[in-house]
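Contents: one structure, followed by commentary.
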Number of protein chains: 2
Amino acid sequence: MSSETSCTNCPLRRQAAFRANEASEIAFIERFKSRQMRVAAGLPILLEGERSDRLYTILSGWAHRHRSLGDGRRQILNFLLPGDFVGLQQELDHDAMHGIEALSDVTLCVFPRQRLWHLYQEYPSLAYDLTWLCAHEELIVDENLLSVGRRSAVERIGMLLIHLYKRAESVGLCSDGSVRMPISQQHIADALGLSLVHTNKTLRRLSLLGLIELRGGALRIGDLGRLRQLADYHALPLRARPLI
Amino acid sequence: MSSETSCTNCPLRRQAAFRANEASEIAFIERFKSRQMRVAAGLPILLEGERSDRLYTILSGWAHRHRSLGDGRRQILNFLLPGDFVGLQQELDHDAMHGIEALSDVTLCVFPRQRLWHLYQEYPSLAYDLTWLCAHEELIVDENLLSVGRRSAVERIGMLLIHLYKRAESVGLCSDGSVRMPISQQHIADALGLSLVHTNKTLRRLSLLGLIELRGGALRIGDLGRLRQLADYHALPLRARPLI
DNA sequence: CGTACTATTGAATCGGGTCAACGTCTGTGG
DNA sequence: CCACAGACGTTGACCCGATTCAATAGTACG
């Protein structure tokens, strides 16, 4: 197998955020994986309402998971970063309730859903990991729901930016106190249930207060302490997460 | 084992909503289960921030899962009905990010988290079921997030009432076109990110339009077709769900 | 009966939405 | 090299859905 697709040499495994796996587990993942796939920024990975028998791990790049209403109103449910696993939410014999879209150019590891059952039979530790990943994603959606339901616009944006910064940092995407974030203000608005205009004004306000710097697609947090307090941020565990 | 705690005779298993299990699986569940537990209406099952090593299945009654902010603002994340499984969201060595509270008197099946790993090793089919349940709960939270982020107050309430009605119906809690719902308007407001006052006025409006009847804690849907259209409701799969 | 929780309603207010322009940057083709 | 299109960001004016405050009814229960 080429080094490009070898799970043993997976660049993500070098990140401290992920827990180590047994060699046998990694070997299984390598056999489970059917191929790698690239999706260009802005293109769909999964269409809302589509039926799919694939599972994915994000190897590199950013994406988002979203649902929309009949008239086009759209809600981003969560953002997907390297190491995130997607596809469990949908059932084999049902149309997907959500869509997935690449935010930057994305590389995905593709797994055939048909062989998922085999994983459960042969590698209980990996099955356990999958459940963990699913539960953890739910925590993230929970958090976003709390924001959208109960936080003010400033708090929501503060929250989301800290959250994304921390997550990106945990998978090694932070350099020099700054993270490249391939998301537009429209994406932030769609994730937080705000209008584009109000999102812009609020971001502006946070910038002027010196709490954040968001320029040229890169985010730097100016005053983490104050921002954290403002947004009532509570960290989720980001270490020792499984990687499949 | 007394018939009260026998999983083979579990009253929920008589409901068509749940998929049948092998006798061996049920026997395992019965051994996995440490005890049964009753919690009175209004009391906590799990406190936000508490550490717990228990997993629960709701055997009867209603509950809700919630998170709150430092200053007391509270968001209900989802409602728990008979057959729902809770506890996976939190990690063994972390404080719970959410709380769980009984809405009515609730009976729970209690499982020791320590033996969860044993389940994964010995009963991959049940492990698979647990992942399914986790993914399904995420779908419900997704849906609620879409509502809170993008639907108007009328749409949100329409959505939630249809959703709860359908779920209750699927586990046999509907009699004569009407469901007993042990939730106050405050709970609806907390679930939908609305104020109590506005929730009341909106409910009133839906009643006057003849779309719903909500009296004495019982909900009847007056015109499902129109309500469904109004709320842009799309059904989640409620059949053949696993029961652990 | 009194206490406490839940529902109801009106009035005033405001956070955020909508509309409408304008600016800025980048890439593209004449 | 410049003209133009298209995507994204910025800003002001106005409006509306939802919040907040406040007061009044039910209803359950000891």
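Just so we're on the same page: letters track the sequence lines, and every chain starts at 1.
Out of C/dG10, D/dC8, C/dC19, the shortest distance to the side chain of A/Val197 is found at C/dC19. Closest to the side chain of A/Ala153, from the set C/dA20, C/dG16, C/dA7, is C/dG16. Listed candidates were D/dT10, C/dT9, C/dG17. Nearest to the side chain of B/Lys201 is C/dT9. Of the listed nucleotides (C/dG16, C/dT8, D/dT11), C/dT8 has the atom at the smallest distance from the side chain of B/Arg204.
Between the CG atom of A/Leu214 and the P atom of D/dG9 there is a distance of 8 Å, given to the nearest Å. Distance, B/Leu192 CG to D/dT19 C1': 15 Å, rounded to whole Å. The nearest whole Å value for the distance from the CG atom in B/Leu196 to the C1' atom in C/dC5 is 11 Å. The separation between B/Arg215 atom CZ and D/dT27 atom P is 12 Å, rounded to whole Å. Rounded to whole Å, the distance from CD on A/Glu155 to P on C/dG15 is 12 Å. Atoms CZ (A/Arg73) and C1' (C/dG17) sit 13 Å apart, rounded to a whole Å. Rounded to whole angstrom, the span from the CG atom of B/Leu208 across to the C1' atom of C/dT8 amounts to 12 Å. Note: NE2 (B/His198) to C1' (C/dG16) measures 14 Å, nearest angstrom.
Across all strands shown, A/Ser184 has heavy atoms under 4.0 Å from sugar-phosphate atoms exclusively, and none from any base. Residue-level contact check: A/Gly193 touches the backbone only, with heavy atoms under 4.0 Å from sugar-phosphate atoms and none from bases. In this structure, A/Thr202 reaches neither bases nor backbone, as no heavy-atom distance under 4.0 Å exists between it and the strands shown. A/Leu194 comes within 4.0 angstrom of the backbone, heavy atoms only, and of no base.
A donor-acceptor contact closer than 3.5 angstrom is absent between the side chains of A/Ser147 and A/Arg156. Side chains of A/Asp232 and A/His234: a donor-acceptor N/O pair is present below 3.5 angstrom, by distance only.
OP1 or OP2 of C/dT8 sits under 4.0 Å from a side-chain N or O of B/Asn200. For A/Gln185 and D/dT10, the shortest distance from a side-chain N or O to OP1 or OP2 is below 4.0 Å.
Between B/His64 and B/His187, the gap from one ring centroid to the other is short of 6.0 Å.
The side-chain contact (heavy atoms from CB on, under 4.5 Å) test with A/Glu137 singles out one residue from A/Leu80, A/Asp142, A/Leu88, and that residue is A/Leu80.
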>> Between A/Asp84 and A/Arg65, does the salt bridge (Lys or Arg N to Asp or Glu O under 4.0 Å) criterion hold? Intermediate values first, please.
In response: CA-CA 11 Å; A/Asp84 281 347; A/Arg65 213 164 60 82; over 6 Å; no
